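Bear in mind the structure is a predicted one, so any value in this text is a computation, not a measurement. Chain letters run A, B, ... following the sequence lines, proteins first and then strands; every chain starts at 1. All heavy atoms count here, side chains included; hydrogens, waters and symmetry mates do not.
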2 protein chains.
Amino acid sequence: MAQTQPQERLIGALLRIAFQATVERVRERLADAGYTDLTMAHFSVFQHLPPGGARVTTLAMKAQITKQSMSALVEHLERQGYLERRPDPGDRRASVVDLTARGEALVQVARGAIEELEREWAEHLGDERMEQLRSTLRDLARLIEQQQGTAP
Amino acid sequence: MAQTQPQERLIGALLRIAFQATVERVRERLADAGYTDLTMAHFSVFQHLPPGGARVTTLAMKAQITKQSMSALVEHLERQGYLERRPDPGDRRASVVDLTARGEALVQVARGAIEELEREWAEHLGDERMEQLRSTLRDLARLIEQQQGTAP
DNA sequence: CAGATTGGTCAGTCTAGCTTACTATATAGT
DNA sequence: ACTATATAGTAAGCTAGACTGACCAATCTG
């Protein structure tokens with residue numbers, strides 16, 4: 001929540017602009033590559049899916065939505081062939097959600113899109129400022145995650 | 001779209017974490033101050049509302065949603081007393097949406113929340129890196145907005 | 001082994017988007 | 001001056017994706 005026009009835009013607005021640019025780029029490149037059946041909401045599934053897969057409940061916690069909502073998203077992506085569920089060998093209540101080959105391919109396209117944008121930014125800012133940006137954001141991410149861990 | 005755990009998190013993920021932290025802080029402080037009737041979607045109205053107000057269609061364009069959707073959001077916020085519409089003197093088709101006093105107060109709380117977070121970050125990073133971050137993000141915002149202006 | 005916790009589903013609701021279709025006013029091109 | 005087109009906004013109806021509450025089955029714990 002900030003002003004658009006005037007003098008000093010707050011950090012919130014600036015972060016939003018940069019973040020949304022990355023989202024837009026990913027959407028474009030995915031569309032170019034023929035992945036037209038994906039929405040913003042699905043991103044949060046892939047974003048939090050570690051190599052080896054994860055349970056629905058875990059994904060839901062990381063994405064900060066209910067397990068019911070995550071379950072619906074996963075179901076959709078499973079029907080489209082990006083994910084698969086297999087029973088969890090160690091717990092008969094649970095199942096593990098993981099990428100299919102098609103899902104892996106999609107994630108590669110998405111990563112490529114962000115790397116492309118990152119190169120463009122580096123060209124504009126220069127390598128040094130780009131590296132400063134990355135390292136500062138990494139520090140902030142660490143701070144934020146640490147606070148989230150202790151706060152609740 | 002990126003990985004969570006491993007080595008190098010892409011800039012997209014880092015920006016998302018920082019941006020969402022700002023959104024969370026604003027939500028918290030608004031809730032603390034008794035503004036409990038607001039959702040994420042309403043933020044995009046205030047975010048794009050310049051001093052002096054704007055038309056529904058203009059707001060919709062800036063927020064990248066349809067005018068019908070924006071119209072519904074504005075209607076809601078009008079009923080809650082944050083916004084008011086007055087006829088546009090120069091165009092009898094149009095009306096101008098603007099903040100009420102209650103709306104101004106809300107925006108001040110939101111700005112305060114971000115400034116608070118910004119101070120915390122400055123404390124963690126040091127003033128110099130904080131200022132570098134701000135200035136780099138400003139440069140990127142300019143780059144992005146310029147590209148959006150030329151691309152379509 | 002009884003009771004509490006955890007993984008997940010089912011059913012129902014709400015919000016915030018979308019499209020398509022429409023009215024009223026404004027602007028432009030003869 | 002008059003028609004054609006464009007623009008501001010509303011209306012109606014649909015869908016995706018979020019939520020809560022209730023529930024079942026498996027697991028863990030005292």
- Query: Can you check side chain to side chain contact (heavy atoms under 4.5 Å, CB included) on B:Ile17 and B:Arg9, steps first, answer last?
  - Reply: CA-CA 11 Å; B:Ile17 291 167; B:Arg9 281 195 282 198; 3.6 Å; yes

- Message: Working note: B:Arg129 + A:Ser135, criterion side chain to side chain donor-acceptor pair (under 3.5 Å); need CA distance, chi angles, decisive distance, verdict.
- Response: CA-CA 10 Å; B:Arg129 290 179 76 204; A:Ser135 109; 3.2 Å; yes

- Task: Evaluate the side chain to side chain contact (heavy atoms under 4.5 Å, CB included) criterion for residues A:Leu117 and B:Ile11: first the C-alpha distance (whole Å), next the side-chain angles of each, then the deciding distance (0.1 Å), finally the verdict.
- Result: CA-CA 9 Å; A:Leu117 187 62; B:Ile11 197 92; 6.0 Å; no

- Task: Check the pair A:Gln80 / A:Arg102 against side chain to side chain donor-acceptor pair (under 3.5 Å), numbers first and verdict last.
- Result: CA-CA 9 Å; A:Gln80 290 170 322; A:Arg102 180 165 156 80; over 6 Å; no

- Task: Using the side chain to side chain contact (heavy atoms under 4.5 Å, CB included) rule, take A:Arg29 and A:Arg111 through it: C-alpha gap first, then chi angles, then the decisive distance, then the call.
- Result: CA-CA 10 Å; A:Arg29 289 296 170 261; A:Arg111 291 184 69 87; over 6 Å; no

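You won't find any donor-acceptor pair under 3.5 Å spanning the side chain of B:Gln68 and the base of D:dG13, going by distance alone.
Judged by distance alone, the side chain of B:Ser69 and the main-chain N or O of B:Ile65 form no donor-acceptor pair under 3.5 Å.
Aromatic ring orientation, A:Tyr82 versus A:Tyr35: tilted (interplanar angle from 30° to 60°).
Taken over five-pair windows at either terminus, the axes of the helix from C:dC1-D:dG30 to C:dT30-D:dA1 are inclined to one another by 30° (rounded to 10 degrees).
Atom CG of B:Leu59 and atom P of D:dT10 are 12 Å apart (whole Å). Summarising the geometry, the separation between CZ on A:Phe43 and C1' on D:dA16 is reported as 15 Å, rounded to the nearest angstrom.
The neighbour count for B:Gln64 CD, taken as heavy atoms of other residues, nucleotides or ligands under 6.0 Å away, does not exceed 12.
Qualifying side-chain contact (heavy atoms from CB on, under 4.5 Å) partners for A:Glu104, counting only residues two or more places apart in sequence or in other chains: A:Leu99. Contacts of A:Gln68 classified as side-chain contact (heavy atoms from CB on, under 4.5 Å), with partners at least two apart in sequence or in another chain: A:Thr66.
Grouping the Ile, Leu, Val, Met, Phe, Trp and Tyr side chains by contacts below 4.5 angstrom, directly or via other members, places B:Leu83 apart from B:Val96. Side-chain heavy atoms closer than 4.5 Å link hydrophobic residues (I, L, V, M, F, W, Y) into clusters, and following such links, possibly through other members, connects B:Ile114 to B:Val23.
In this model, the phosphate group of C:dG8 is not approached by any side-chain N or O of A:Ser71 to a distance below 4.0 Å at OP1 or OP2.
Taking a cutoff of 4.0 Å between a charged side-chain nitrogen and a carboxylate oxygen, B:Arg79 and B:Glu75 qualify as a salt bridge.
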Check nucleotides 6-8 of chain D for protein N or O atoms closer than 3.5 Å to its own N or O atoms and list the pairs.
{"unit_1": "D:dT7", "atom_1": "O2", "unit_2": "B:Arg93", "atom_2": "NH1", "d": "2.5"}

Measure all distances between protein nitrogen or oxygen atoms and nitrogen or oxygen atoms of nucleotides 12-17 of chain C, and list the pairs falling under 3.5 Å.
{"unit_1": "C:dA16", "atom_1": "OP1", "unit_2": "B:Thr39", "atom_2": "OG1", "d": "2.3"}

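For DNA chain D, the neighbouring residues in residues 78-88 of chain B, judged by any heavy atom under 4.0 Å, are B:Arg85.
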